[in-house]
Participant: 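Shown below is the structure under consideration.
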Amino acid sequence: MGILDTIRNPQDLNELTEEQLKQLASEIREFLITNVSQTGGHLGPNLGVVELTLAVHRIFDSPRDSIVFDTGHQSYVHKLLTGRQDFSTLRQEGGLSGYPSRAESEHDIVESSHASSSLSWADGISRARQLTGEGDRYVVAVVGDGALTGGMAWEAINNIAADKKRRVVIVVNDNGRSYAPTVGGFADYLASLRPTIDSFRTAPAYEVALDWWKKKLQNGGPVGQFTYKSLHAMKKGIKDWWAPQGMFEDLGMKYIGPVDGHNLQAMEHALATARHYNGPVIVHAMTEKGHGYAPARAHEADQFHAVGIIDPETGEPTGKAGAKSWTSVFADEIAAIADERQDVVGITGAMLIPVGLHKFAAKHPDRVIDVGIAEQHALTSAAGMAFGGLHPVVAVYATFLNRAFDQLLMDVALHKAGVTIVLDRAGVTGPDGASHHGMWDMAMVQVVPGLHLAAPRDATRLREELREAIAISDAPSVVRFSKGSVGAEVETLERLSDGVDILARRPSGSTENDVLIVSVGAMAELALDVANRLGAQGISTTVVDPRWALPVRRSIIALASHHRLVVCIEDGVRAGGVGSRIRQEMRAAGVDTALNEVGLPVEFLDHGSRSQVLERVGLTAQQITHDVVAQVLGTKVPFARPLPGQQHPTTGSLPIQ
Ligand SMILES: Cc1ncc(C[n+]2csc(CCOP(=O)(O)OP(=O)(O)O)c2C)c(N)n1
Ligand SMILES: CC(=O)[C@@H](O)[C@H](O)COP(=O)(O)O
Ligand SMILES: [Mg+2]
């Protein structure tokens with residue numbers, strides 16, 4: 001039995017000797033490599049915070065003191081130390097979350113995986129502690145150098161630094177990377193601190209002695225005054241020359257570091273110093289992503305930021321290479337477009353490879369910009385680029401657009417800026433859980449005036465719709481697609497004049513009162529499966545793919561008036577989604593056909609595989625068919641009549657045969 005097996009809670013760490021702690025760190029590293037290589041997960045970030053997390057839990061008293069992880073993907077060690085040592089179900093349905101989870105432990109606070117929020121959490125918790133008479137409890141925020149490139153972090157620092165009594169300890173986990181090396185002026189500043197010498201600068205004894213000496217000299221008459229002033233000038237000169245005056249100290253926060261984040265004693269000393277300071281303080285820890293695991297260190301792209309199932313010895317993926325991914329289709333097409341259009345620029349929020357801009361960047365490095373984890377800035381900067389005559393393509397995961405909604409609305413759309421936003425990981429993603437599903441984008445953007453939304457159903461339509469989007473120069477255009485492998489090609493039977501694709505027609509001679517299925521994006525195969533199942537139950541269907549879901553195409557409305565029921569299937573929240581918009585447009589056109597919005601519930605969906613989550617919420621052919629049959633055969637759906645003089649949208653003739 002190893003030492004790790006004896007750790008049931010953080011208090012068990014306090015009895016360990018220095019040697020035992022070293023052994024424990026080694027066991028934890030071994031545990032992470034052995035287990036995460038079998039389940040997949042954020043192996044690199046967690047190997048980088050073994051000593052840091054041990055030190056935090058030895059110096060602070062969780063859960064009395066609150067420990068907040070930014071983004072939360074680096075909380076595996078924290079979980080191991082707080083009673084969760086079965087990682088066999090990591091990120092799986094019903095299993096251990098890959099992020100902090102309040103349902104799992106009282107030691108867990110922030111469940112969202114959206115970066116740069118930890119300092120605001122720390123500000124809020126510490127204010128609450130002060131106002132409820134518990135200001136002696138500490139709040140420790142563990143924040144990465146990448147997360148510190150997010151604007152929200154600086155909004156929080158502005159607030160925290162204002163109150164010298166706030167017991168907030170900000171542990172900067174500086175491994176110099178997000179996925180790739182962190183970019184920007186602040187990242188350069190952090191890097192510039194590395195050679196700085198003194199971590200004793202904020203030691204209490206040093207501070208007390210310095211204050212005594214300052215007072216002595218200042219009160220020592222003219223000679224003392226002169227001596228004090230000249231020594232102060234000399235010290236400032238040395239610091240400016242040798243140890244530049246820290247930005248954080250200029251902001252009014254104490255700065256301790258840089259500290260070797262893999263030296264447990266040094267980390268404990270720095271954190272103990274920070275604790276004694278009893279006010280807002282930054283502890284700048286220098287760490288390495290993937291520390292202690294050669295395959296991770298050698299993986300230049302992202303140092304095993306997130307791995308699938310790998311061989312623990314070699315770090316090589318063991319699963320068979322997946323089918324072509326949506327991301328790779330986008331990566332190839334945007335790189336081709338970049339060759340053709342010099343005005344097209346790419347923008348990423350510290351995720352160049354994950355969003356597929358790397359091929360574009362390799363060919364045109366000056367036209368792909370990494371803004372750091374700063375989606376809000378990305379959108380407004382893109383509006384500026386459009387004003388300057390460029391056509392920006394902002395590529396982000398759908399869930400991360402949430403935080404840039406106002407910039408999309410008021411900087412891009414209000415100014416009719418020709419900006420294309422490419423949303424990868426749209427819809428249910430799966431293992432990263434509730435804050436990673438890209439499920440709110442369509443409901444969010446459907447209220448943006450003038451916005452064009454495309455949801456390609458396969459690789460061919462992605463290429464097509466991406467090009468159509470980039471041709472829009474007077475409004476925002478959004479192209480959204482799922483995580484993972486792109487599905488099979490779904491052929492077009494007929495393309496209507498407004499760009500809507502007919503994927504399946506009802507049998508000739510069918511009645512007016514059949515079902516129109518509107519399939520949004522990657523739901524096409526599912527929609528056709530539903531159509532077949534309904535056909536077996538004697539219900540004829542027409543299946544269409546709008547391709548451009550917004551603005552709603554007129555042919556969708558006309559088709560609706562020739563069917564008994566419209567079923568809109570989308571991989572997004574059904575409240576306010578595409579189906580809702582179609583319903584509104586139908587009502588405005590006086591078409592009273594019944595409509596079902598089939599999509600995701602307005603809930604936070606726990607992690608699992610994509611298919612498991614879709615099954616859980618009923619977004620399956622079986623469930624949809626069951627519901628439609630019950631409605632139609634159960635005559636819960638009134639028969640619809642076409643409007644007088646309503647021409648059918650295809651050839652002006654009566655309903656499609
Ligand atoms: C708002 C937001 N944008 C993008 C991401 C995707 N993301 C997850 S972790 C990560 C890198 C974080 O870097 P850092 O904070 O330095 O932590 P490290 O992984 O280096 O420990 C990014 C960009 C996110 N989680 N949140
Ligand atoms: C926390 C984090 O890194 C997320 O960005 C997530 O892990 C991305 O997962 P995928 O890129 O595998 O969808
Ligand atoms: Mg980092």
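Just so you know, these numbers use all the heavy atoms, side chains as well, and skip hydrogens, waters and symmetry mates. In listed order, ligands and their atoms are each counted from 1. Sequence positions, counted from 1, serve as the residue numbers for this chain.
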Participant: Any N/O/S atom from N173 (main chain or side chain) under 2.8 Å of the Mg ion (ligand 3)?
Facilitator: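 No, since none of the N, O or S atoms of N173 sits under 2.8 Å from the Mg ion (ligand 3).
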
Participant: Hey, does S113 come in under 3.5 Å of ligand 2, counting only N/O atoms on both sides?
Facilitator: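 In fact, backbone or side chain, S113 has no N or O that close.
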
Participant: How about Y76 and F31: are their ring centres within less than 6.0 Å of each other?
Facilitator: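 Judged by ring-centre distance (under 6.0 Å), Y76 and F31 do not meet the cut-off.
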
Participant: Looking only at N, O or S atoms, which one in D145 sits nearest to the Mg ion (ligand 3)?
Facilitator: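 Output for this pair reads OD1.
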
Participant: Are K483 and R610 close enough that some pair of their side-chain heavy atoms sits under 4.5 Å apart?
Facilitator: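 No, too far: nothing below the 4.5 Å cut-off.
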
Participant: Check this for me, if you would: do R29 and E51 make a salt bridge, where the nitrogen-to-carboxylate-oxygen distance has to be below 4.0 angstrom?
Facilitator: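 Looking at E51 together with R29, the answer is yes, because their closest N to O distance falls below 4.0 Å.
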
Participant: Looking at G144, which atoms of ligand 1 are within less than 4.0 Å of one of its heavy atoms?
Facilitator: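 What qualifies from ligand 1 is 14 (P), 15 (O), 16 (O).
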
Participant: Numbering the atoms of ligand 1 from 1, which are under 4.0 Å from a heavy atom of N173?
Facilitator: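 It comes down to these atoms of ligand 1: 21 (O).
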
Participant: Any heavy-atom pair between the side chains of Q446 and L453 that's under 4.5 Å?
Facilitator: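 Not in contact.
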
Participant: Pick one of side chain, backbone, both or neither for how H42 approaches ligand 1, counting any non-hydrogen atom pair under 4.0 Å.
Facilitator: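 H42 to ligand 1: no contact under 4.0 Å from either part.
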
Participant: How close does the nearest protein non-hydrogen atom get to atom 3 (O) of ligand 2, and which residue and atom is it?
Facilitator: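 Residue, atom and distance for the closest contact: H305 NE2, 2.7 Å.
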
Participant: For N175, which part has a heavy atom under 4.0 Å from ligand 1: side chain, backbone, both, or neither?
Facilitator: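 Side chain only.
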
Participant: Tell me the nearest of I373, V355, T71 to atom 12 (C) of ligand 1, using heavy-atom distances.
Facilitator: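 When every heavy atom of I373, V355, T71 is considered, I373 comes closest to atom 12 (C) of ligand 1.
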
Participant: Is any N, O or S atom of G144 under 2.8 Å away from the Mg ion (ligand 3)?
Facilitator: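 Of the N, O and S atoms in G144, none lies under 2.8 Å from the Mg ion (ligand 3), which means no.
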
Participant: At under 4.0 Å between heavy atoms, which part of V49 makes contact with ligand 1: side chain, backbone, both or neither?
Facilitator: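 Neither; no heavy atom under 4.0 Å.
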
Participant: Find all atoms of ligand 1 within a distance of less than 4.0 Å from any non-hydrogen atom belonging to S113, and give their numbers and elements.
Facilitator: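 Answer for ligand 1: 24 (C), 25 (N), 26 (N).
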
Participant: One thing to verify: whether D302 and R177 come together as a salt bridge, which I'm taking to mean a side-chain N less than 4.0 angstrom from a carboxylate O.
Facilitator: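 No, R177 and D302 are not salt-bridged.
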
Participant: What part of A147 sits under 4.0 Å from ligand 1 if we count only heavy atoms: the side chain, the backbone, both or neither?
Facilitator: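 Both backbone and side chain.
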
Participant: Nearest to atom 1 (C) of ligand 2, what protein heavy atom do you find, and at what distance?
Facilitator: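 Ranking protein heavy atoms by distance from atom 1 (C) of ligand 2, first comes Y99 OH, 3.1 Å.
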
